[in-house]
Amino acid sequence: MSIEAAPTPVHSKREVVQAMWGLMLGMFVAILAGTVVSNALPRIVAELKGSQSIFAWIVTAELLAMTATVPLWGKLADLYSRKLLIQASLSLFVVGSLIAGFSQNVEMLIVSRVVQGLGAGGVTALATIVMAAMIPPRELGKYSGMFGAVFGVGTVAGPLIGGVLVDTSWLGWRWCFFIGIPFTLAAIYMLQRTLRLPVVRNEKTKIDYLGAFLIVSGVSTLLIWSSLAGQKFEWVSGWTAGLVSLGVLLLVAAVRVEATAHDPIVPLSIFRNRTVSLTTIASALVGIAMFGGTVFLSQYFQLSLGKTPTQAGLLGLPLIFGLLISSTVAGQLITKFGRWKAFLVAGGVFMVGGMLLLSTITAQTTVFMVSVHMFVLGVGVGLMMQNLVLAAQNDVPAKDLGATTSTLTFFRSLGGAIGVSALGAVLASKVSSLAAERFGTTAGGENAVPDISVLPPEIKAVVAEIYATATAEIFLVGAPFAVLALLAVAFIKEKPLKETSGDDRLAAEMAAGH
């Protein structure tokens with residue numbers, strides 16, 4: 001193994017801050033891409049003359065590509081220039097955004113979303129890897145808090161921004177894709193000027209392409225199943241049996257290949273580390289709470305409380321504020337005192353509390369009370385999300401930083417994708433059963449969301465209560481996942497935060513012959 005650019009550069013505080021701005025800009029637009037279209041979908045599908053089934057695929061295509069390729073980006077980060085890789089992923093995102101904005105049909109749009117997803121996967125995996133390379137874990141807390149806040153703001157603010165763009169006549173839905181391009185170009189420029197990292201190359205190392213293919217194929221198969229089940233076919237059906245069996249078989253084959261590969265995409269040895277295993281489990285469960293909660297609250301605001309898309313986006317701000325405050329304050333305190341486990345445990349408690357509080361909402365619940373419940377959930381997610389990554393990065397050899405970070409990011413996204421599909425199926429089933437009780441049929445027809453603006457007042461009130469009851473139930477169903485996340489972090493052993501950066505540790509490991 002050799003390092004171009006020796007000795008390892010020492011980064012001044014100013015250089016770190018400048019590089020962080022570039023990374024956070026890239027992270028924000030990557031996360032925004034997955035959420036900004038949610039309120040614009042009806043307009044997009046109508047203008048491009050798409051069918052109802054296209055709704056899910058416009059979101060799923062980007063999420064699938066992002067989730068499935070995260071481990072590969074992480075492996076590449078252990079082998080090649082991290083600066084070049086993150087700039088390449090941002091460039092892919094720009095290309096995908098341009099194609100999406102100029103799309104003339106739904107097929108072109110879906111292809112563009114896949115390209116966006118490839119870029120977003122690289123940004124979300126590489127940003128935290130680059131951070132760990134530049135900053136010692138002892139100082140990483142405050143920066144991790146900032147990244148956690150960016151992640152949460154991008155996730156929750158996306159629907160608000162998309163709603164405003166669609167409601168503005170001189171902009172329209174195409175700006176949901178164009179809006180991120182100048183920020184992405186700015187991020188590429190800032191990273192070119194400020195990011196200085198050594199290039200690590202091992203001449204004997206080869207990428208495990210077979211393992212990468214099996215991982216991507218297995219995960220993609222399961223994500224396709226989770227996105228289509230309950231919509232195109234029943235959850236208990238021949239299609240479910242076939243897709244789940246194929247996905248599991250591909251992943252089992254991937255595990256066998258990774259166990260014997262000289263340089264696996266995901267080194268199975270990292271799971272022998274208890275901290276990595278527990279933080280991976282917790283990350284997947286946090287993904288379910290984060291993505292599942294935000295997706296369905298927007299629908300609750302519109303169908304149960306009668307708000308517009310823009311108003312629904314504004315009502316998501318308490319969740320953003322909770323996440324922003326908790327992640328930044330916790331990051332500062334971790335950096336000051338060097339202790340982190342208490343924040344993870346507190347985050348688990350708040351997350352359980354937030355899910356249980358939201359399981360009590362009705363169509364009569366005041367906006368203030370819903371905001372309080374959302375704030376509690378946001379505090380919990382903010383305390384856990386990036387601090388899980390910090391705990392894992394602190395406890396692995398520097399050579400495994402890329403694989404470990406991308407693995408946690410991968411499972412968080414996977415948990416979110418499957419959680420949205422599963423909780424969405426719970427909501428659809430509850431709505432269908434309640435509508436059958438009240439009306440003798442489904443509300444608005446099979447798989448259709450009613451337009452409450454055209455319903456008579458007495459029918460509108462019943463539909464509002466149906467969707468409120470169904471939304472409350474998905475938070476009740478999601479609460480046990482939050483409890484499991486709390487149990488996982490409770491068993492993590494707290495270890496002192498290291499005082500040296502990832503690159504310094506890597507140089508020491510190489511000198512020692514590890």
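Nothing here was measured: the structure is a model prediction, and the numbers come from that model. Only this structure's heavy atoms are used, side chains among them; waters, hydrogens and symmetry mates stay out.
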Identify each donor-acceptor pair in which a side-chain atom of residues 476-485 lies under 3.5 Å from a protein atom, sequence neighbours left out, and give them as a table.
none

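Annotation: side-chain hydrogen bond (donor to acceptor under 3.5 Å, both in side chains) contacts involving residues 90-112, sequence neighbours excluded, comprise Ser97-Gln116.
For the pair Leu358/Met374, a side-chain contact is recorded, criterion being any heavy-atom separation below 4.5 Å from C-beta on. Leu48 places a side-chain heavy atom less than 4.5 Å from the side chain of Leu109. Leu25 places none of its side-chain heavy atoms less than 4.5 Å from the side chain of Thr184. Between Leu90 and Val94 there is no side-chain heavy-atom pair separated by less than 4.5 Å. The side-chain heavy atoms of Phe93 and Val123, taken from C-beta on, include no pair separated by under 4.5 Å.
Remark: Glu494 engages Arg339 in a side-chain hydrogen bond (donor to acceptor under 3.5 Å, both in side chains) (not counting sequence neighbours). Judged as a side-chain hydrogen bond (donor to acceptor under 3.5 Å, both in side chains), and not counting sequence neighbours, Glu258 has no contacts. By the side chain to side chain contact (heavy atoms under 4.5 Å, CB included) test, Val257 pairs with Asp208, Leu210, Leu214, sequence neighbours left out. Every side-chain hydrogen bond (donor to acceptor under 3.5 Å, both in side chains) that Lys495 has, sequence neighbours left out, goes to Asp395. Qualifying side-chain hydrogen bond (donor to acceptor under 3.5 Å, both in side chains) partners for Trp73, counting only residues two or more places apart in sequence or in other chains: none. Here Thr280 pairs with Phe271, Val276, Thr407, Leu408, Phe411 under the side chain to side chain contact (heavy atoms under 4.5 Å, CB included) rule; sequence neighbours left out. Residues forming a side chain to side chain contact (heavy atoms under 4.5 Å, CB included) with Leu249 (at least two apart in sequence, or on another chain): none. Checked against ring pair (Phe, Tyr, Trp, His ring centres under 6.0 Å), Phe178 has the following partners two or more places apart in sequence or in another chain: Phe102, Trp175. Here Glu473 pairs with Lys430 under the salt bridge (Lys or Arg N to Asp or Glu O under 4.0 Å) rule; sequence neighbours left out. In terms of the side chain to side chain contact (heavy atoms under 4.5 Å, CB included) criterion, residue partners of Leu251 (sequence neighbours excluded) are, by chain and number, Val219, Leu222.
Between atom OG1 of residue Thr275 and atom CG of residue Leu388 there is a gap of 11.0 Å, rounded to the nearest 0.5 Å. Taking OG1 of Thr69 as the reference point, atom CG of Leu92 lies at 9.5 Å (rounded to 0.5 Å). In this structure, Leu85 CG and Lys83 NZ are separated by 12.5 Å, a value rounded to the nearest 0.5 Å. Summarising the geometry, atom CG belonging to Leu76 is positioned 11.5 Å from atom OG belonging to Ser81; distances are rounded to the nearest 0.5 Å. For the atom pair CG (Leu84) and CG (Leu191), the distance works out to 11.5 Å, reported to the nearest 0.5 Å. The NZ atom of Lys493 sits 11.5 Å away from the CG atom of Asn273 when rounded to the nearest 0.5 Å.
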Checking Arg274 against Ile492 for the side-chain contact (heavy atoms from CB on, under 4.5 Å) test, could you report, in this order, the C-alpha distance in whole Å, the side-chain angles of both residues, the deciding distance, and whether it holds?
CA-CA 7 Å; Arg274 188 173 80 170; Ile492 297 175; over 6 Å; no
side-chain contact (heavy atoms from CB on, under 4.5 Å) for Tyr467 and Val431? Distances and angles first, verdict last.
CA-CA 6 Å; Tyr467 275 89; Val431 166; 3.8 Å; yes
List the steps, then state whether side-chain contact (heavy atoms from CB on, under 4.5 Å) holds for Phe475 with Leu297.
CA-CA 10 Å; Phe475 284 105; Leu297 278 171; 3.7 Å; yes
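Nearest heavy atoms, Leu383 versus Phe343: CB-O, 3.5 Å. When all heavy atoms of Leu486 and Val489 are compared, the closest pair comes out as O-CG2, 3.2 Å. Shortest non-hydrogen contact noted between Gly378 and Ser326 is O-OG, 3.8 Å. Scanning both residues, Thr471 and Ile361, for their nearest heavy atoms gives CG2-CD1, 4.0 Å. Here the shortest heavy-atom pairing between Ser89 and Leu126 reads OG-CD1, 4.2 Å. Counting all heavy atoms, side chain and backbone alike, Leu23 lies closest to Ala127 at CD1-O, 4.0 Å.
Under the 3.5 Å distance criterion, the side-chain polar atoms of Thr360 are matched with a main-chain donor or acceptor of Leu357. Proximity of a side-chain donor or acceptor of Ser304 to a complementary backbone N or O of Ala468 within less than 3.5 Å is detected.
Heavy-atom contacts from other residues, nucleotides or ligands closer than 6.0 Å to OH of Tyr300 number more than 12.
Screening Val381, Leu285, Val376 for a side-chain contact (heavy atoms from CB on, under 4.5 Å) with Met351, the sole residue that qualifies is Val381.
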